[in-house]
Number of protein chains: 2
Amino acid sequence: MTTDNTTKVDREINANLEAVRPDDLRLEKFLPYRLSVLSNRVSNAIAQAYGARFDLTIPAWRVMAILGRFPNLSAADLVEQTAMDKVAISRAVSILLKNDYITRSEDLADRRRQVLNLSELGRDVYERIVPLAQQYENDLMGSLSDEERKQLDSIIEKLMSRAQDWANRGLMD
Amino acid sequence: MTTDNTTKVDREINANLEAVRPDDLRLEKFLPYRLSVLSNRVSNAIAQAYGARFDLTIPAWRVMAILGRFPNLSAADLVEQTAMDKVAISRAVSILLKNDYITRSEDLADRRRQVLNLSELGRDVYERIVPLAQQYENDLMGSLSDEERKQLDSIIEKLMSRAQDWANRGLMD
DNA sequence: TAAGATTGGTTTCAAATGTAACCACTGCCG
DNA sequence: CGGCAGTGGTTACATTTGAAACCAATCTTA
(Lines give C-alpha, C1' and ligand atoms only; values in the text may rest on other atoms or scores of the structure.)
Protein backbone atom coordinates (compact mmCIF):
# COMPACT_ATOMS: atom_id res chain seq x y z
CA MET A 1 0.00 0.00 0.00
CA THR A 2 2.66 2.50 0.94
CA THR A 3 5.89 0.81 0.03
CA ASP A 4 6.54 2.93 -3.02
CA ASN A 5 6.91 6.15 -1.06
CA THR A 6 9.45 5.10 1.49
CA THR A 7 12.53 6.04 -0.41
CA LYS A 8 11.20 9.42 -1.25
CA VAL A 9 10.55 10.30 2.35
CA ASP A 10 13.94 9.01 3.32
CA ARG A 11 15.59 11.23 0.82
CA GLU A 12 13.77 14.28 2.05
CA ILE A 13 14.84 13.47 5.56
CA ASN A 14 18.38 12.86 4.53
CA ALA A 15 18.46 16.14 2.72
CA ASN A 16 17.45 17.87 5.92
CA LEU A 17 20.17 16.09 7.77
CA GLU A 18 22.81 17.84 5.76
CA ALA A 19 21.29 21.22 6.31
CA VAL A 20 21.19 20.89 10.08
CA ARG A 21 24.35 21.70 12.05
CA PRO A 22 25.07 19.68 15.18
CA ASP A 23 23.93 22.61 17.24
CA ASP A 24 22.55 22.28 20.74
CA LEU A 25 19.05 21.03 21.14
CA ARG A 26 16.83 23.34 23.09
CA LEU A 27 14.54 20.85 24.70
CA GLU A 28 12.11 23.44 25.93
CA LYS A 29 11.50 24.50 22.33
CA PHE A 30 11.47 21.01 20.90
CA LEU A 31 7.98 20.26 19.69
CA PRO A 32 7.81 16.57 20.56
CA TYR A 33 8.91 17.35 24.06
CA ARG A 34 6.46 20.16 24.52
CA LEU A 35 3.62 18.08 23.19
CA SER A 36 4.45 15.33 25.59
CA VAL A 37 4.59 17.58 28.62
CA LEU A 38 1.41 19.37 27.68
CA SER A 39 -0.46 16.19 26.94
CA ASN A 40 0.60 14.57 30.19
CA ARG A 41 -0.39 17.53 32.27
CA VAL A 42 -3.78 17.77 30.68
CA SER A 43 -4.54 14.07 30.71
CA ASN A 44 -3.43 13.55 34.27
CA ALA A 45 -5.48 16.41 35.56
CA ILE A 46 -8.62 15.16 33.89
CA ALA A 47 -8.01 11.53 34.65
CA GLN A 48 -7.76 12.38 38.29
CA ALA A 49 -11.03 14.21 38.17
CA TYR A 50 -13.06 11.27 36.96
CA GLY A 51 -10.76 8.41 37.82
CA ALA A 52 -11.07 9.08 41.51
CA ARG A 53 -14.80 9.48 41.40
CA PHE A 54 -15.81 6.61 39.16
CA ASP A 55 -12.92 4.17 39.23
CA LEU A 56 -12.11 4.58 35.57
CA THR A 57 -8.84 4.46 33.74
CA ILE A 58 -8.28 6.68 30.74
CA PRO A 59 -8.78 3.86 28.25
CA ALA A 60 -11.94 2.78 30.05
CA TRP A 61 -13.31 6.27 29.91
CA ARG A 62 -12.53 6.50 26.23
CA VAL A 63 -14.47 3.34 25.59
CA MET A 64 -17.42 4.78 27.44
CA ALA A 65 -17.16 8.00 25.50
CA ILE A 66 -17.42 6.10 22.24
CA LEU A 67 -20.16 3.77 23.39
CA GLY A 68 -22.10 6.76 24.61
CA ARG A 69 -22.33 8.05 21.07
CA PHE A 70 -22.32 4.81 19.17
CA PRO A 71 -24.16 1.91 20.75
CA ASN A 72 -23.78 -1.69 19.69
CA LEU A 73 -20.13 -1.72 18.90
CA SER A 74 -17.83 -4.69 19.19
CA ALA A 75 -14.34 -4.51 20.64
CA ALA A 76 -12.96 -4.49 17.12
CA ASP A 77 -15.13 -1.52 16.24
CA LEU A 78 -13.74 0.25 19.25
CA VAL A 79 -10.21 -0.41 18.13
CA GLU A 80 -11.04 1.29 14.89
CA GLN A 81 -12.71 4.26 16.54
CA THR A 82 -10.21 4.98 19.27
CA ALA A 83 -6.81 4.19 17.79
CA MET A 84 -6.21 2.11 20.90
CA ASP A 85 -5.07 -1.45 20.50
CA LYS A 86 -6.90 -4.72 21.02
CA VAL A 87 -5.46 -5.45 24.41
CA ALA A 88 -6.12 -2.03 25.81
CA ILE A 89 -9.71 -2.29 24.69
CA SER A 90 -10.07 -5.75 26.14
CA ARG A 91 -8.82 -4.55 29.49
CA ALA A 92 -10.93 -1.45 29.45
CA VAL A 93 -13.97 -3.56 28.66
CA SER A 94 -13.28 -5.87 31.54
CA ILE A 95 -13.02 -2.96 33.95
CA LEU A 96 -16.27 -1.57 32.66
CA LEU A 97 -17.98 -4.93 32.99
CA LYS A 98 -16.76 -5.29 36.52
CA ASN A 99 -18.16 -1.86 37.32
CA ASP A 100 -21.43 -2.69 35.58
CA TYR A 101 -20.96 0.32 33.35
CA ILE A 102 -21.49 -1.65 30.17
CA THR A 103 -23.29 -4.78 29.04
CA ARG A 104 -21.98 -7.41 26.70
CA SER A 105 -24.08 -9.67 24.54
CA GLU A 106 -23.22 -12.34 22.04
CA ASP A 107 -23.76 -11.63 18.41
CA LEU A 108 -25.80 -14.58 17.20
CA ALA A 109 -24.79 -14.01 13.62
CA ASP A 110 -21.11 -14.27 14.50
CA ARG A 111 -20.44 -15.96 17.79
CA ARG A 112 -16.94 -14.55 18.06
CA ARG A 113 -18.28 -11.04 18.30
CA GLN A 114 -19.65 -9.49 21.44
CA VAL A 115 -21.77 -6.42 21.27
CA LEU A 116 -21.16 -3.75 23.86
CA ASN A 117 -23.44 -1.07 25.25
CA LEU A 118 -23.60 1.30 28.15
CA SER A 119 -25.74 -0.03 30.97
CA GLU A 120 -28.23 2.16 32.81
CA LEU A 121 -25.61 2.87 35.39
CA GLY A 122 -23.00 3.40 32.69
CA ARG A 123 -25.10 5.95 30.88
CA ASP A 124 -25.66 7.66 34.15
CA VAL A 125 -21.98 7.94 34.79
CA TYR A 126 -21.37 8.90 31.20
CA GLU A 127 -23.80 11.74 31.48
CA ARG A 128 -22.08 12.98 34.56
CA ILE A 129 -18.60 12.75 33.17
CA VAL A 130 -19.30 14.42 29.85
CA PRO A 131 -19.95 17.84 31.34
CA LEU A 132 -16.99 17.43 33.60
CA ALA A 133 -14.74 16.66 30.67
CA GLN A 134 -16.21 19.48 28.67
CA GLN A 135 -15.65 21.84 31.51
CA TYR A 136 -11.98 21.02 31.51
CA GLU A 137 -11.79 21.44 27.80
CA ASN A 138 -13.65 24.72 27.95
CA ASP A 139 -11.32 25.93 30.59
CA LEU A 140 -8.35 25.03 28.43
CA MET A 141 -9.86 26.53 25.33
CA GLY A 142 -10.80 29.57 27.32
CA SER A 143 -7.19 30.59 27.25
CA LEU A 144 -7.40 30.87 23.46
CA SER A 145 -9.21 33.23 21.14
CA ASP A 146 -11.72 31.92 18.62
CA GLU A 147 -9.15 32.48 15.97
CA GLU A 148 -6.56 30.50 17.83
CA ARG A 149 -8.94 27.63 18.37
CA LYS A 150 -9.47 27.29 14.67
CA GLN A 151 -5.77 27.52 14.04
CA LEU A 152 -5.06 24.87 16.61
CA ASP A 153 -7.61 22.56 15.13
CA SER A 154 -6.13 22.72 11.71
CA ILE A 155 -2.56 22.57 12.94
CA ILE A 156 -3.21 19.44 14.94
CA GLU A 157 -4.80 17.87 11.89
CA LYS A 158 -1.70 18.55 9.87
CA LEU A 159 0.75 17.36 12.46
CA MET A 160 -1.29 14.27 13.06
CA SER A 161 -1.28 13.26 9.47
CA ARG A 162 2.42 13.84 9.18
CA ALA A 163 3.14 11.73 12.21
CA GLN A 164 0.81 9.13 10.84
CA ASP A 165 2.89 8.97 7.71
CA TRP A 166 5.92 8.16 9.81
CA ALA A 167 4.16 5.26 11.42
CA ASN A 168 3.01 3.89 8.09
CA ARG A 169 6.22 4.25 6.23
CA GLY A 170 8.71 3.28 8.90
CA LEU A 171 10.73 6.39 8.52
CA MET A 172 14.30 5.59 9.42
CA ASP A 173 14.83 2.05 8.24
CA MET B 1 -6.81 -4.83 2.77
CA THR B 2 -9.80 -6.99 3.61
CA THR B 3 -12.48 -8.19 1.29
CA ASP B 4 -15.63 -6.15 1.12
CA ASN B 5 -17.78 -7.97 3.57
CA THR B 6 -21.37 -6.94 3.39
CA THR B 7 -22.32 -7.96 6.87
CA LYS B 8 -19.53 -6.02 8.47
CA VAL B 9 -20.34 -2.88 6.53
CA ASP B 10 -23.97 -3.29 7.48
CA ARG B 11 -23.05 -3.44 11.11
CA GLU B 12 -21.06 -0.25 10.93
CA ILE B 13 -23.86 1.54 9.23
CA ASN B 14 -26.26 0.35 11.86
CA ALA B 15 -24.09 1.56 14.63
CA ASN B 16 -23.34 4.90 13.05
CA LEU B 17 -26.89 5.61 12.14
CA GLU B 18 -27.88 5.82 15.75
CA ALA B 19 -28.68 9.42 16.41
CA VAL B 20 -25.90 11.47 17.89
CA ARG B 21 -27.15 13.11 21.02
CA PRO B 22 -26.60 16.84 21.23
CA ASP B 23 -24.57 16.61 24.40
CA ASP B 24 -22.41 13.68 23.45
CA LEU B 25 -18.71 14.00 23.75
CA ARG B 26 -17.01 13.86 20.40
CA LEU B 27 -13.80 12.19 21.34
CA GLU B 28 -12.15 12.86 18.03
CA LYS B 29 -12.62 16.58 18.61
CA PHE B 30 -11.76 16.50 22.28
CA LEU B 31 -8.51 18.36 22.76
CA PRO B 32 -6.99 16.25 25.52
CA TYR B 33 -7.57 13.13 23.48
CA ARG B 34 -6.12 14.59 20.34
CA LEU B 35 -3.09 15.85 22.15
CA SER B 36 -2.50 12.46 23.63
CA VAL B 37 -2.73 10.63 20.33
CA LEU B 38 -0.55 13.14 18.57
CA SER B 39 2.06 13.18 21.28
CA ASN B 40 2.26 9.41 21.43
CA ARG B 41 2.63 9.05 17.71
CA VAL B 42 5.39 11.59 17.54
CA SER B 43 7.28 10.40 20.59
CA ASN B 44 7.14 6.76 19.64
CA ALA B 45 8.41 7.38 16.16
CA ILE B 46 11.37 9.38 17.39
CA ALA B 47 12.10 7.14 20.32
CA GLN B 48 12.37 4.23 17.97
CA ALA B 49 14.80 6.09 15.80
CA TYR B 50 17.38 6.73 18.49
CA GLY B 51 16.34 4.08 20.97
CA ALA B 52 17.20 1.32 18.59
CA ARG B 53 20.53 2.81 17.62
CA PHE B 54 21.86 3.96 20.95
CA ASP B 55 19.94 1.99 23.56
CA LEU B 56 18.28 5.05 25.02
CA THR B 57 14.88 5.51 26.55
CA ILE B 58 13.03 8.77 26.12
CA PRO B 59 13.86 10.00 29.63
CA ALA B 60 17.50 9.04 29.15
CA TRP B 61 17.65 10.99 25.95
CA ARG B 62 16.09 13.99 27.60
CA VAL B 63 18.71 13.93 30.27
CA MET B 64 21.40 13.86 27.64
CA ALA B 65 19.78 16.72 25.81
CA ILE B 66 19.88 18.86 28.91
CA LEU B 67 23.38 17.86 29.89
CA GLY B 68 24.55 18.63 26.39
CA ARG B 69 23.63 22.25 26.89
CA PHE B 70 24.15 22.59 30.61
CA PRO B 71 27.09 20.69 32.07
CA ASN B 72 27.59 20.02 35.75
CA LEU B 73 24.01 19.48 36.77
CA SER B 74 22.83 17.31 39.61
CA ALA B 75 19.85 14.99 39.40
CA ALA B 76 17.78 17.56 41.24
CA ASP B 77 18.73 20.22 38.72
CA LEU B 78 17.55 17.88 36.01
CA VAL B 79 14.23 17.43 37.72
CA GLU B 80 13.78 21.16 37.61
CA GLN B 81 14.80 21.47 33.96
CA THR B 82 12.85 18.58 32.53
CA ALA B 83 9.59 18.43 34.46
CA MET B 84 10.36 14.74 34.93
CA ASP B 85 10.29 13.27 38.40
CA LYS B 86 13.07 12.11 40.66
CA VAL B 87 12.64 8.46 39.97
CA ALA B 88 12.58 8.83 36.23
CA ILE B 89 15.75 10.87 36.39
CA SER B 90 17.42 8.37 38.64
CA ARG B 91 16.65 5.55 36.27
CA ALA B 92 17.68 7.53 33.24
CA VAL B 93 20.96 8.37 34.92
CA SER B 94 21.65 4.76 35.71
CA ILE B 95 21.07 3.76 32.10
CA LEU B 96 23.39 6.49 30.94
CA LEU B 97 26.07 5.46 33.40
CA LYS B 98 25.80 1.87 32.28
CA ASN B 99 26.24 3.00 28.70
CA ASP B 100 29.14 5.25 29.64
CA TYR B 101 27.32 8.18 28.16
CA ILE B 102 27.73 10.31 31.27
CA THR B 103 30.08 10.65 34.20
CA ARG B 104 29.14 11.21 37.81
CA SER B 105 31.28 12.85 40.41
CA GLU B 106 30.77 13.71 44.04
CA ASP B 107 30.22 17.28 44.98
CA LEU B 108 32.72 17.88 47.74
CA ALA B 109 30.84 20.84 49.04
CA ASP B 110 27.68 18.79 49.53
CA ARG B 111 28.29 15.10 49.62
CA ARG B 112 24.72 14.22 48.87
CA ARG B 113 24.95 15.83 45.48
CA GLN B 114 26.44 14.14 42.45
CA VAL B 115 27.46 16.18 39.49
CA LEU B 116 26.67 14.81 36.06
CA ASN B 117 28.28 15.42 32.69
CA LEU B 118 28.34 13.93 29.25
CA SER B 119 31.33 11.68 28.73
CA GLU B 120 33.37 11.77 25.52
CA LEU B 121 31.28 8.96 24.19
CA GLY B 122 28.14 10.63 25.43
CA ARG B 123 28.92 13.88 23.69
CA ASP B 124 29.60 11.93 20.59
CA VAL B 125 26.24 10.26 20.70
CA TYR B 126 24.62 13.53 21.62
CA GLU B 127 26.03 15.18 18.58
CA ARG B 128 24.72 12.44 16.41
CA ILE B 129 21.26 12.41 17.90
CA VAL B 130 20.67 16.13 17.87
CA PRO B 131 20.51 16.39 14.10
CA LEU B 132 18.39 13.28 13.98
CA ALA B 133 15.92 14.78 16.43
CA GLN B 134 15.95 18.09 14.63
CA GLN B 135 15.32 16.42 11.40
CA TYR B 136 12.19 14.83 12.76
CA GLU B 137 11.07 18.13 14.10
CA ASN B 138 11.79 19.83 10.82
CA ASP B 139 9.83 17.21 9.04
CA LEU B 140 6.89 17.76 11.36
CA MET B 141 7.14 21.51 11.15
CA GLY B 142 7.46 21.20 7.43
CA SER B 143 3.78 20.45 7.27
CA LEU B 144 3.07 23.92 8.68
CA SER B 145 3.50 27.41 7.29
CA ASP B 146 5.71 29.93 9.04
CA GLU B 147 2.61 31.61 10.25
CA GLU B 148 1.25 28.41 11.69
CA ARG B 149 4.47 27.65 13.45
CA LYS B 150 4.32 30.92 15.30
CA GLN B 151 0.70 30.36 16.13
CA LEU B 152 1.42 26.91 17.43
CA ASP B 153 4.23 28.14 19.57
CA SER B 154 2.12 30.73 21.27
CA ILE B 155 -0.89 28.44 21.58
CA ILE B 156 1.13 25.75 23.28
CA GLU B 157 2.49 28.32 25.67
CA LYS B 158 -1.00 29.36 26.64
CA LEU B 159 -2.35 25.87 27.01
CA MET B 160 0.66 24.84 28.99
CA SER B 161 0.28 27.62 31.48
CA ARG B 162 -3.41 26.90 31.88
CA ALA B 163 -2.77 23.24 32.50
CA GLN B 164 -0.06 24.23 34.91
CA ASP B 165 -2.59 26.21 36.88
CA TRP B 166 -4.68 23.09 37.25
CA ALA B 167 -1.81 21.22 38.74
CA ASN B 168 -1.10 24.01 41.18
CA ARG B 169 -4.58 24.87 42.23
CA GLY B 170 -6.56 21.68 41.85
CA LEU B 171 -9.22 22.76 39.41
CA MET B 172 -12.67 21.48 40.15
CA ASP B 173 -12.75 21.32 43.92
C1' DT C 1 25.90 20.48 69.50
C1' DA C 2 22.14 17.15 69.38
C1' DA C 3 17.24 16.46 67.63
C1' DG C 4 14.29 17.13 64.16
C1' DA C 5 13.31 18.67 59.67
C1' DT C 6 14.89 18.89 54.72
C1' DT C 7 17.15 17.57 50.69
C1' DG C 8 19.57 14.38 47.20
C1' DG C 9 19.05 10.20 45.45
C1' DT C 10 17.92 5.04 45.28
C1' DT C 11 15.15 0.99 46.11
C1' DT C 12 10.93 -1.44 46.43
C1' DC C 13 6.47 -2.76 45.24
C1' DA C 14 2.16 -2.34 42.71
C1' DA C 15 -0.24 -0.85 38.74
C1' DA C 16 -0.26 0.21 33.66
C1' DT C 17 1.18 -1.03 29.12
C1' DG C 18 3.01 -3.55 25.00
C1' DT C 19 4.09 -7.88 22.54
C1' DA C 20 3.29 -12.19 21.40
C1' DA C 21 1.10 -16.38 21.92
C1' DC C 22 -3.13 -18.26 22.16
C1' DC C 23 -8.29 -20.20 21.77
C1' DA C 24 -12.64 -20.21 19.50
C1' DC C 25 -15.13 -19.30 15.69
C1' DT C 26 -15.97 -18.12 10.78
C1' DG C 27 -15.26 -18.07 5.80
C1' DC C 28 -13.17 -19.84 1.87
C1' DC C 29 -11.63 -23.10 -1.51
C1' DG C 30 -10.59 -27.56 -2.97
C1' DC D 1 -17.66 -32.01 3.77
C1' DG D 2 -12.47 -31.02 5.51
C1' DG D 3 -8.66 -28.37 6.06
C1' DC D 4 -6.59 -23.94 6.58
C1' DA D 5 -6.24 -18.96 6.53
C1' DG D 6 -8.16 -14.95 8.78
C1' DT D 7 -10.79 -12.55 12.74
C1' DG D 8 -12.55 -11.43 17.43
C1' DG D 9 -11.03 -11.45 21.69
C1' DT D 10 -8.34 -12.95 25.98
C1' DT D 11 -4.26 -14.56 28.51
C1' DA D 12 0.56 -14.65 29.81
C1' DC D 13 4.80 -12.52 30.24
C1' DA D 14 8.09 -8.96 30.12
C1' DT D 15 8.88 -4.01 30.51
C1' DT D 16 7.71 0.63 31.96
C1' DT D 17 5.98 3.70 35.11
C1' DG D 18 4.52 5.90 39.55
C1' DA D 19 4.02 6.20 44.66
C1' DA D 20 5.87 5.70 48.67
C1' DA D 21 9.32 4.07 51.75
C1' DC D 22 13.87 4.52 52.52
C1' DC D 23 19.05 5.84 53.51
C1' DA D 24 22.49 9.21 53.91
C1' DA D 25 24.05 13.88 54.24
C1' DT D 26 22.95 18.59 55.46
C1' DC D 27 20.58 22.39 57.53
C1' DT D 28 18.10 24.43 61.34
C1' DT D 29 17.40 25.85 65.82
C1' DA D 30 17.35 25.71 70.43
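Throughout, protein chains are lettered first and strands after them, A, B, ... in sequence-line order, and every chain is numbered starting at 1.
Counting any heavy atom pair closer than 4.0 Å across all strands shown, B:S74 reaches sugar-phosphate atoms only and no base atom.
A:D77 places a side-chain N or O within 3.5 Å of a backbone atom of A:S74 that can act as its donor or acceptor partner. Side chain of A:S43 to backbone of A:S39: a donor-acceptor contact under 3.5 angstrom is found. No donor-acceptor distance shorter than 3.5 angstrom exists from the side chain of B:D153 to the backbone of B:R149, with no hydrogens or angles considered. Under the 3.5 Å distance criterion, the side-chain polar atoms of A:S119 are matched with a main-chain donor or acceptor of A:Y101.
Rounding to whole angstrom units, CD1 of residue A:I58 and P of C:dG18 are separated by 12 Å. Separating the CZ atom of A:R113 from the C1' atom of D:dT7 is a distance of 11 Å, rounded to the nearest angstrom. Here the P atom of nucleotide C:dG8 and the CG atom of B:D85 are 14 Å apart, to the nearest Å. Between B:M84 atom CE and D:dT16 atom P the separation is 14 Å, expressed in whole Å. When rounded to the nearest whole Å, the span between CZ of A:R112 and P of D:dG8 equals 6 Å. Across the protein-nucleic acid pair, B:I89 atom CD1 and C:dG9 atom P stand 10 Å apart, rounded to whole Å. Distance, A:R91 CZ to D:dG9 C1': 13 Å, rounded to whole Å. Between the CD1 atom of A:I95 and the P atom of C:dT17 there is a distance of 9 Å, given to the nearest Å.
In this structure, B:A75 and A:P59 both approach DNA chain C, and ranking their closest nucleotides by distance from the 5' end singles out B:A75.
Between B:S90 and C:dT10 there is a side-chain N or O to OP1 or OP2 distance below 4.0 Å.
Of the candidates D:dT26, D:dT11, C:dG9, the closest approach to any side-chain atom of B:R111 belongs to D:dT26. Checking D:dA25, C:dT17, D:dT10 against the side-chain heavy atoms of A:K86 singles out D:dT10 as nearest. Here C:dT10 is the nucleotide among D:dA25, C:dT10, C:dT17 with the atom lying nearest to any side-chain atom of B:R104.
At a threshold of 4.5 Å between side-chain heavy atoms, the hydrophobic network of Ile, Leu, Val, Met, Phe, Trp and Tyr places B:I95 and B:I102 in two separate groups.
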